[in-house]
2 protein chains.
Amino acid sequence: MSLRFALLALLTSRPMTGYDVSKQFSQSVAHVWHAPDSQIYPELNRMERDGLLESAVVPWGKKGTKKEYAVTESGVTAFREWMDSPIEIRRQREPAYLKAAYLEWAEPGAARTELEQFRDYWTEHLAMLEATRATLLDRSHPTLARRLEHYDEREWDRIVRYKIFAYDGLIDQARTAIAWAERGLVLVDELEGSPVD
Amino acid sequence: MSLRFALLALLTSRPMTGYDVSKQFSQSVAHVWHAPDSQIYPELNRMERDGLLESAVVPWGKKGTKKEYAVTESGVTAFREWMDSPIEIRRQREPAYLKAAYLEWAEPGAARTELEQFRDYWTEHLAMLEATRATLLDRSHPTLARRLEHYDEREWDRIVRYKIFAYDGLIDQARTAIAWAERGLVLVDELEGSPVD
DNA sequence: TGCCACTCACTATAGAGATAGGTAGTTTGT
DNA sequence: ACAAACTACCTATCTCTATAGTGAGTGGCA
């Protein structure tokens, strides 16, 4: 059910079309909650049906139209209620750690490759997180900028610091994962013999 | 599809009934890949159908029977192939970090409670991980003990160290999460005013 | 003898999520 | 004039996961 609230979170910054949402998603909320557009469009429909959103049909070009969604009062209430309700705990489900526990079954070469891929994926992810963190800190992040317009200037620091806090948590997780993979590579070399030997 | 390989991993230690699997699961593999028994039983059936497992009906008491699953040759091959294939990347999907990014919408009290619950959940989880790590290190972990019987004594250290490596990764993640939640609590106190004031 | 906790195995159902499409209009460049 | 790329929205299907059950056998103990 968190997708619904991820969408609400995004739409509290400004009204958007489904297309906007699916584009913006990848640049902000998706770092925390990934979703493809085939999930987003139907969910927006359901949210409108449930009264959390209302839509306005906006002309687009000569014949085209688009549907702009805005959060309703009831949507804001639902979002606040979710914010104040206990966090749902996600059970561990990590193929990488599962594999790591059984590395004695892997070819040494394959083990190394996989650890490298894992490290590289997280390194890339980390770079993206740090880039986004920087745009939040200097307030050049477009969605954040739109969001701050609704607030008094004295509130800005507080809002930005929560976003930074969330990204810092993600960055810590990424760094932890990278460090672990590095240690794994050393371990594989030690136990399976370095490939250079 | 990782459930299938998590089950294979467990069953390589010794043949087990579905019930054994669902019990053992919670004490070992579940730290890495959680699954309820309603997923385990059907998956074991499918794995037998696909030739990865074979089952023997074992009498149990006077009238009862149970079904014991053992990994087949083809199951071992499939497991090795999976071990040597690239890790599937799991997209971020973390309600806690999603919420953190929008804490300006929460009641200060609720924010504190949620961060405390998050910290406490991970603290408990960490304790369990550390306890399991200790039983792996001294080789008193029952599944590990059964597993080592298949191997030459000179291999034991290598096998144990990979398990420890996996648990160390999970422990690092847990510690990182706890430290982040602690910083969050300080941040909320700073931004929302300490409740003692 | 009756009860309870546990062992064993499974089903039913609904929702979430991944993957892969389809269709129609618009803008931009050549 | 036409193609390519982008905007916009949606569907279909399959798998995965969560939740909540069912029902029968066993072993102990009061």
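Here the structure is a predicted model, which is why all the values come from computation and not from measurement. The sequence lines fix the lettering, A, B, ..., with proteins before strands; numbering per chain opens at 1.
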Discussion item. Closer than 4.0 angstrom, basic N to acidic O: yes or no for B/E192 and B/R112?
Written reply: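 Result for this pair is no, no salt bridge flagged.
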Discussion item. Before we go on, tell me: are the rings of A/Y151 and A/W156 under 6.0 Å apart, centre to centre?
Written reply: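 Distance test on ring centres: not under 6.0 Å, no.
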Fill in: Near-ring test B/W33/B/F5, centroid separation under 6.0 angstrom
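Centroid separation for B/F5 and B/W33: 6.0 Å or greater.
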Item to complete: Mark yes when over 12 heavy atoms from residues, nucleotides or ligands other than B/E124 sit less than 6.0 Å from its CD; otherwise mark no.
Response: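 No - once you tally the heavy atoms of other residues, nucleotides and ligands closer than 6.0 Å, there are 12 at most.
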Discussion item. Does B/R49 have more than 12 heavy atoms from other residues, nucleotides or ligands lying within 6.0 Å of its CZ?
Written reply: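 For B/R49, atom CZ is crowded (more than 12 foreign heavy atoms under 6.0 Å).
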Worksheet item: Closer than 4.0 Å, any side-chain N/O of A/Y19 to the OP1 or OP2 of D/dC9?
Response: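 No, A/Y19 has no side-chain N/O under 4.0 Å of OP1/OP2 on D/dC9.
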Worksheet item: Nearest of D/dC10, D/dC9, C/dC8 to any side-chain atom of B/D20?
Response: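 Minimum distance to the B/D20 side chain belongs to C/dC8.
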Please write out each protein N/O paired with an N/O of nucleotides 23-25 of chain C under 3.5 Å, distance rounded to 0.1 Å.
| residue | atom | partner | partner atom | Å |
| --- | --- | --- | --- | --- |
| C/dG25 | O3' | A/G64 | N | 3.2 |

Item to complete: Could you list the residues that satisfy side-chain contact (heavy atoms from CB on, under 4.5 Å) with B/T123, not counting sequence neighbours?
Response: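 side-chain contact (heavy atoms from CB on, under 4.5 Å) list for B/T123, sorted by chain: B/R119, B/I178.
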Worksheet item: Does B/Y102 have A/K163 sitting over its ring (NZ/CZ under 6.0 Å from centre, angle to axis within 45°)?
Response: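 Yes, a cation-pi geometry holds between A/K163 and B/Y102.
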Worksheet item: Hey, can you pull the residues of residues 35-42 of chain B with a non-hydrogen atom under 4.0 angstrom from DNA chain D?
Response: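 Result for residues 35-42 of chain B: B/P36, B/S38, B/Q39, sorted by number.
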Discussion item. What's A/K23 touching, base or sugar-phosphate or nothing? Going by heavy atoms closer than 4.0 Å.
Written reply: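 Since no nucleic acid heavy atom lies under 4.0 Å of A/K23, the category is nothing.
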Practice prompt. Would you tell me whether A/S2 and A/E88 have side-chain atoms, one donor and one acceptor, within less than 3.5 Å of each other?
Written response: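 Result is yes, a qualifying pair exists.
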